[in-house]
Participant: 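Attaching a single structure in structure tokens format; questions to follow.
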Number of protein chains: 2
Amino acid sequence: MPTRPRPADLKLTGLTGTLRCCQLFTGLSAEDLGIIAGFTIVQKLAKDDYLFREGEQSRGLYLVQSGAINVHRVNVAGKEQVIHIFRAGESFAEAALASPTGYPADARAVEPSTVLVIPKAPILELIGRRPDLALRMLGSMSSHLRVLVGMLDDLTLKDVETRMLNWLVKHSRAARGGSIHLPGTKRVLAAELGTSSETLSRTLGRLRDRKLISVSGKVIAIHDLPALQAMLRRNLGET
Amino acid sequence: MPTRPRPADLKLTGLTGTLRCCQLFTGLSAEDLGIIAGFTIVQKLAKDDYLFREGEQSRGLYLVQSGAINVHRVNVAGKEQVIHIFRAGESFAEAALASPTGYPADARAVEPSTVLVIPKAPILELIGRRPDLALRMLGSMSSHLRVLVGMLDDLTLKDVETRMLNWLVKHSRAARGGSIHLPGTKRVLAAELGTSSETLSRTLGRLRDRKLISVSGKVIAIHDLPALQAMLRRNLGET
DNA sequence: GGGTCGCCTTGTCCTGGATCAAGGAATTCC
DNA sequence: GGAATTCCTTGATCCAGGACAAGGCGACCC
């Protein structure tokens, strides 16, 4: 149910505001933002709705306005590997714009979400006329590549405990006041770490026993970050 | 030891020929190719020479003229994960052009190699003037993304045997006459499959015992592709 | 209230594969 | 040529963690 906003009911501040906040478009002229807003489509998704599936032709690029989109990959064995969960202000699927073979992954709403769809044809046309926009796209894709490459690191870390520690340390940086709020269920986190929910539970339990963290519902409180880091380093050292 | 060719000793046919063969530049005008050739640097690498290392600032993008370049990632634990081995005609490191944080991986010559270095500044400038080149870069990066995403599939397949079968089936398509010639040592293949050389050896041994393949040095001969495929499907089915 | 459903936790079992070790084959070096 | 490496293979051991099962704890609905 994509709705194409007509100028009359378009809350321009909201739309261009979201566009401006996006890494991809910061610094663009108000005029260009207006052009983009002009052909942007607002799409609402219920929890678990698919935004797109692997192999589908690109409709355009996406910008999360609210909610969270789980971009994941289902391997030949049917196992789902979370690639990234995109939240408000983040853009994705730039790569597919120029890909003849469609999306390389699936995207599904983790929770009720609103995404801006910036259709393929007009944005490609604009890229053609705004070289700096092209460079920005390259930059954005390069950071996505970086994320993927970072995932390889995680997946090749043997221990689940080590991956967990790595994840905790990485996310506690960005977290408010020493607490990490989980985006999805613990099972999703387990998938992201490439393990089962049982093992995740045990691993968190062990850390809790040592008073390094405490877990309550979807909130993980970090009690002793230095100790976690030390533990991570020790685990890594034992190669 | 990068050598900057002067017009005099520059074999233009060789250079522009290589450029033209590259996916990235096919279809560009002779004039543009000439411009690119004009600032291209030829660099020779001995076996095991590093072309760049993680974190270094981008010098430009690379095009393999001969030999093979192993782009890999060393995770925090020191384990090396092969991302891809680039061979003649392939380009890489486009992503780093627009990245402020330098290369996200290491690149090392598997064997004596020659690469063309297309320096960052002039190629960025040219991209600014040739929007279609920008789109091509996007396309190229999107196919690299695809490769990475594909690697996730492999790494999340639990069995080494299954990953091996997957690899064999995938590569036998591209292989000449039912034989696959390994790019590097078996240890490198093991790394690519995310396992140890011992386990790889055992796995290949088991397949050999069943007369499905035979292994001789760096050549793997596929005897019964349908059986391999059936076995793969069976392994996957048991999820 | 009680029933249903999804999520999390804990217990038990068992296997795939990492690791160590050692011997053979193939390369490279002098 | 032989020595020195590096690579490959096979054997033996051992443990992380996946799979299954069962029980607890919400949340939601009627």
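Throughout, protein chains are lettered first and strands after them, A, B, ... in sequence-line order, and every chain is numbered starting at 1.
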Participant: Rounded to the Å, how far apart are A:Arg208 CZ and C:dT9 P?
Facilitator: 7 Å
Participant: State whether B:Thr195 places a side-chain N or O below 4.0 Å from either non-bridging phosphate oxygen (OP1 or OP2) of C:dG17.
Facilitator: no
Participant: On a heavy-atom basis, which atom in B:Phe86 and which in B:His144 lie closest, and how many Å separate them?
Facilitator: CE2-NE2, 3.9 Å
Participant: Give, for atom CG of A:Asn70 and atom CD1 of A:Ile85, the distance between the pair rounded to the nearest 0.5 Å.
Facilitator: 5.0 Å
Participant: Starting at CG of A:Leu193 and ending at P of D:dA16, how long is that distance when rounded to a whole Å?
Facilitator: 18 Å
Participant: Between atom NZ in A:Lys218 and atom C1' in C:dC7, what is the gap in whole Å?
Facilitator: 8 Å
Participant: Nearest heavy atom decides the nucleotide; on that basis, is B:Thr199 or B:Lys47 closer to the 5' end of DNA chain D?
Facilitator: B:Lys47
Participant: Nearest of D:dC8, D:dT10, C:dG17 to any side-chain atom of B:Arg187?
Facilitator: D:dC8
Participant: Within the side chain of A:Ser113, is there an N or O that forms a donor-acceptor pair under 3.5 Å with the backbone of A:Ala68?
Facilitator: yes
Participant: Could you state the CG-P distance from A:Leu200 to C:dT9, rounded to the nearest angstrom?
Facilitator: 8 Å
Participant: Whole Å only: how far is the CG atom of B:Leu165 from the P atom of C:dG16?
Facilitator: 15 Å
Participant: Can you check whether B:Ser201 has a side-chain N or O nearer than 4.0 Å to OP1 or OP2 of D:dC8?
Facilitator: no
Participant: Determine whether any donor atom in the side chain of A:Arg206 lies under 3.5 Å from an acceptor atom in the base of C:dT10, or the reverse, and answer yes or no.
Facilitator: no
Participant: Can you check the A:Leu204 CG to C:dC7 P distance for me, whole Å?
Facilitator: 17 Å
Participant: From NZ of A:Lys186 over to P of C:dC7, roughly how many Å is that when rounded to an integer?
Facilitator: 12 Å
Participant: Donor-acceptor check, side chain of B:Arg87 to backbone of B:Val64, threshold 3.5 angstrom: yes or no?
Facilitator: no
Participant: Could you check whether B:Ser196 gets within reach of a base, just the sugar-phosphate, or nothing at all, counting any heavy atom under 4.0 Å?
Facilitator: base
Participant: Return yes if the base of D:dG11 and the side-chain atoms of B:Arg202 contain a donor-acceptor N/O pair under 3.5 Å, otherwise no.
Facilitator: yes
Participant: Where the side chain of A:Glu198 is defined as all heavy atoms beyond and including C-beta, which of D:dG17, C:dG17, D:dC20 is the nearest nucleotide?
Facilitator: D:dC20
Participant: Between B:Lys186 (side chain only) and B:Gly217 (backbone N and O only), is there a donor and an acceptor less than 3.5 Å apart?
Facilitator: yes
